[in-house]
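Some notes on the structure that comes next.
Atom set for the values below is all heavy atoms of this structure, side chains included, hydrogens, waters and symmetry mates excluded. Each ligand, and each atom within it, is numbered from 1 in the order the structure gives. None of these values were measured; they are calculated from a predicted model.
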Amino acid sequence: MSITTNPFDDDKLHEECGIFGVYGHIDSAALTALGLHALQHRGQEAAGIVTYQDGQFFSHRAAGQVGDNFSEESVISKLPGRSAIGHNRYSTTGDTLTRNIQPLFADFASGGFAIGHNGNLTNAVAIRRGLVQRGCLFQSTTDTEVIIHLIATSKFDTIVDRTVAALQAVEGAYSLVALHNDTLIGVRDPHGVRPLVLGRFEEAWILASETCALDIIGAEYVRDIEPGEMVLIDEDGLQSMHPFKPKPHRFCIFEYIYFARPDSTIEGKNVYEARKKIGRELALEAEIVADVVIPVPDSGVPAALGYAEEAGIPYELGIIRNHYVGRTFIEPTDRIRHLGVKLKHNANRQVIEGRRVILVDDSIVRGTTSVKIVEMVRAAGATEVHMRIASPPTTYSCFYGVDTPERDQLLAAQNNLEEMAKIIGVDSLAFVTIDGLYRAMGLDGRNAESPQYCDACFSGEYPIQLTDHSTDQPSPQLSFLTQLA
Ligand code: AMP
């Protein structure tokens with residue numbers, strides 16, 4: 001969620017994140033650490049937890065994974081209190097600013113305020129410029145900080161009215177957890193682009209990006225926070241409100257394809273089942289005679305299972321993943337990224353040699369993974385290699401919080417199917433169609449009048465205005481902060 005005027009200038013600044021919140025448990029920090037650990041796939045660059053007790057806030061924020069920073073009792077014991085929020089940050093950038101690590105914190109006249117954000121605001125640069133002109137002093141380069149300044153400078157009295165007014169001014173995708181003194185706040189933007197669920201653990205309330213973070217602590221899933229809903233949780237219980245003008249629901253379909261954990265259930269759909277169904281659609285749409293279906297692990301596994309079941313072709317683990325290497329995307333330079341792919345996968349010659357192979361992966365972004373995997377599978381003796389992708393071609397960048405490179409680096413934005421097959425080095429290549437994808441989600445196909453998901457990365461139809469990206473505005477002055485990094 002770093003701020004950027006034009007994401008096409010720099011593909012490094014887009015992030016996904018994981019958020020978690022607890023109200024009403026003596027072990028709020030430990031529960032938050034566990035929740036963040038379950039959400040580690042959403043952000044591995046930095047993690048932070050803020051707790052509240054008796055008029056005081058406690059915070060620990062650090063670069064690295066949750067286990068690196070929050071496994072010690074000595075850290076957790078310095079985070080006392082019955083309410084807590086936490087945040088995992090994902091970024092491909094290497095030069096992270098410590099001050100960008102969330103939850104962000106500020107002192108308002110009414111008390112302390114901590115906030116964690118998943119998503120990306122699309123008018124943060126424009127708002128920031130106005131606020132800076134009015135004298136606001138920004139402490140970070142994140143888009144999230146504009147929310148804090150909008151609340152601080154609001155003409156309204158209560159924290160609820162101030163927060164609502166602030167969020168009415170921002171555009172983009174946001175799922176938020178916040179702590180204002182002893183009150184836990186959760187919000188989902190009116191389009192509901194990013195996930196947020198509500199759970200109960202003993203007497204405590206839990207907010208989390210995904211249900212897998214409820215499961216880890218044994219919390220009960222209550223429901224998804226609705227698009228445009230704001231919940232306030234305090235000693236009087238939970239209060240729900242819908243203060244924003246209703247907008248068409250546009251949950252990010254890429255969460256189902258790749259981002260969310262397969263054991264999570266989002267808006268009533270289990271992610272693993274959704275991925276398997278996409279694989280089935282892919283088999284129906286792009287059948288090919290072959291001996292074996294092999295997933296690109298781990299992201300291609302559920303779709304490959306669905307494909308193999310539908311096609312009646314044996315499923316084998318022909319590529320083994322080394323789990324001790326981070327996601328390929330996190331490597332900061334092209335050179336290292338290539339190295340990362342080699343470090344990450346190895347062919348299992350036993351199931352490949354002399355066979356016609358169907359490789360299944362969830363998506364192709366730059367094509368780096370596919371090129372390496374195909375090379376590896378051929379070297380292991382495959383007689384034919386067919387690639388099947390469980391998403392439509394990624395042809396547009398995401399501005400709502402999923403890390404995607406600029407368009408000129410998206411393989412499918414620059415090449416047709418035939419060219420892509422040649423670059424990747426496969427005998428055939430096919431992507432599931434957008435209608436097939438929607439069918440897998442239980443719909444009749446994509447209804448052009450009211451698509452129920454945000455699929456901008458495939459369709460180029462952006463449901464939320466891209467104010468910062470459609471105007472020719474100069475970048476905000478961030479050089480001072482960068483020097484301090
Ligand atoms: P590429 O190698 O550039 O074609 O990237 C495709 C691979 O990266 C696929 O195996 C995906 O599982 C994974 N992937 C797709 N989108 C993302 C993303 N936003 N962040 C991290 N990894 C991704």
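Relative orientation of the His149 and Phe138 rings is tilted, given thresholds of 30° and 60° on the angle between their planes. Classified by interplanar angle (parallel below 30°, tilted 30° to 60°, perpendicular above 60°), the ring pair Tyr174/Phe244 is perpendicular.
Atoms of ligand 1 lying under 4.0 Å from any heavy atom of Asp361, numbered from 1 in the order shown and given with element: 9 (C), 10 (O). The contact set between ligand 1 and Ile364, taken as ligand atoms under 4.0 Å from a residue heavy atom, comprises 4 (O). If you number the atoms of ligand 1 from 1 as listed, the ones under 4.0 Å from a heavy atom of Asp403 come out as 18 (C), 19 (N). Taking a cut-off of under 4.0 Å to the non-hydrogen atoms of Ser299, the atoms of ligand 1 that pass are 10 (O), 12 (O).
At most 12 heavy atoms of other shown residues, nucleotides or ligands fall within 6.0 angstrom of atom CD in Glu72. For Glu384, the CD atom sits in a packed shell: over 12 heavy atoms of surrounding residues, nucleotides or ligands are nearer than 6.0 Å. More than 12 heavy-atom neighbours from other residues, nucleotides or ligands sit within 6.0 angstrom of CG on Asp408.
The side-chain heavy atoms of Phe20 and Ile49, taken from C-beta on, include no pair separated by under 4.5 Å.
Only the side chain of Val402 comes within 4.0 Å of ligand 1, judged by heavy-atom distances. Looking at Thr369 against ligand 1, both its backbone and its side chain come within 4.0 Å, counting heavy atoms. Both the backbone and the side chain of Ser363 come within 4.0 Å of ligand 1, judged by heavy-atom distances.
A heavy-atom separation below 4.0 Å is not found between Val296 and ligand 1. Ligand 1 has at least one atom lying under 4.0 Å from a heavy atom of Asp362.
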